[in-house]
Amino acid sequence: MSSQSLNKDQSQKRLLKTLRGEVVDRPPIWLMRQAGRYLPEYRKTRKQARDFLDLCYTPDLAVEVTLQPLRRFDLDAAILFADILLIPDALGQNVAFKEGEGPVLEPVTSAEELQALKLDNVATHLAPIMETLRGLSKALPSHVTLIGFAGSPWTVATYMVNGRGSPDQRATRIFAHKDSVGFQALIDLVTDATISYLRAQIDAGAEVIQLFDSWAAHMPDPQFKRWSIEPTARIVAALNESHPGVPVIGFPRGAGAGALRYVAETGINAVGLDTGVPLEWARDELQSKLPVQGNLDPFALVAGGDALRDETERQLKTLGNGSHIFNLGHGIVPETPPEHVGALVDQVTSWRR
Ligand code: CP3
């Protein structure tokens, strides 16, 4: 067996089996942002890079930070260390991560600015990410699934138009209402870039793909359909065609009851639930159709103790007997004590159906 194929025996992988509809001994567990600032070893490695983007584009360092949480905790998956904003960066938009400020982009607000963005360099620009995936594919133990990811075009576009995160994505929503033809061109460009990026990720070893639609909330139904569901459906169809059998997890954060339509119309294989989704509703309306992932409150993980134990038990009792991937309802926050993550993982991995 070549070293390349070490991680390829998929029979031991709880996450992959769950995504294919098999019932395993307990729900697989991984956590959004499982690599990151809550870990002292991450903060140390981060200092070796010039800035956050440099960390993403340096395969040795990106492999190292991806593996850090797996050395501490018995997780069922590793998620590629990268960022959803590598796509605008690869398209030629100016992207920077400012300390304490989050991402800052040169906003795209006109057809002219959109024309300056080019698909041509995307593959070359993102080649280091594929090297990270190949490194991970060799390094991971055989029961661990390797997850690749991208942002959904809508969520990526909100940063591209607005220039930074905003609570209501107002600049993007106004742009989309005012000039739907222009905005469609932006969405199409991001969708095309995302399809080739994710195909390359799978070729480099990603076994599952997650699409983060972190800003899917607040949209009227026709907008949600056009800007979130349709591009997601196009990505899923393209991946199914080129790489049949690779599951896609969709995470329409904040979509509420819109998740029903999202599940019915995108073709995703599993749905990520944000913290606000009621568990019984998710069990009856969603888990009856496909595996669900989520949705422990990241702040229960900060609190720890009885609150964490009780919330985790509630999750397992309500969803754990069906197709369930244990996760948070959004990413781990930096103030999370690593011991609380250890306690959570122990509780989930010792639970049995
Ligand atoms: O461990 C993992 O989950 C994998 C790595 C990962 C990162 N970002 C690393 C990161 C993943 C999957 C993402 C996705 C991402 N990035 C999303 C979707 C998920 C979500 O949180 O809603 C979004 C919206 C982004 C864009 C982004 N990147 C923002 C808004 C920020 C700043 C906010 C923050 O938490 O600092 C980032 C920076 C970022 N991405 C960090 C990490 C570890 C922190 C950077 C640092 O070390 O300073």
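Order of appearance sets the numbers: ligands from 1, and atoms from 1 within every ligand. Residues: numbered from 1 along the sequence shown. The shown structure was predicted, so the numbers you read here are calculated from the model rather than taken from an experiment.
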Would you say ligand 1 has an N or O under 3.5 Å from any N or O of [X]?
X	answer
Ser214	yes
Trp215	no
Ala35	yes

#### Entry: Close side-chain approach of Leu126 and Tyr57, heavy atoms under 4.5 Å
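A side-chain contact exists here, since the closest heavy-atom pair is under 4.5 Å.
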| Can you list every pair that meets salt bridge (charged side-chain N to carboxylate O under 4.0 Å, His left out) and has a residue in residues 287-298, with sequence neighbours left out? |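 Found none.
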Item to complete: Compute whether any side-chain donor of one residue and acceptor of the other, for Gln315 and Glu311, lie under 3.5 angstrom apart.
Response: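 There is no such pair (donor and acceptor under 3.5 Å, judged by atom type) between the side chains of Gln315 and Glu311.
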- Indicate whether any N or O donor in one side chain lies under 3.5 Å from an N or O acceptor in the other, for Trp154 and Gln169.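 Distance-only check fails for Trp154 and Gln169.
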Out of curiosity, is [X] lining ligand 1, as in a heavy atom under 4.0 Å away?
X	result
Phe251	no
Tyr42	yes
Gln210	no
Pro103	yes
Pro334	no

Has the side chain of Asp51 got a donor or acceptor atom that lies under 3.5 Å from a matching backbone atom of Asp54?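 At least one qualifying donor-acceptor pair exists.
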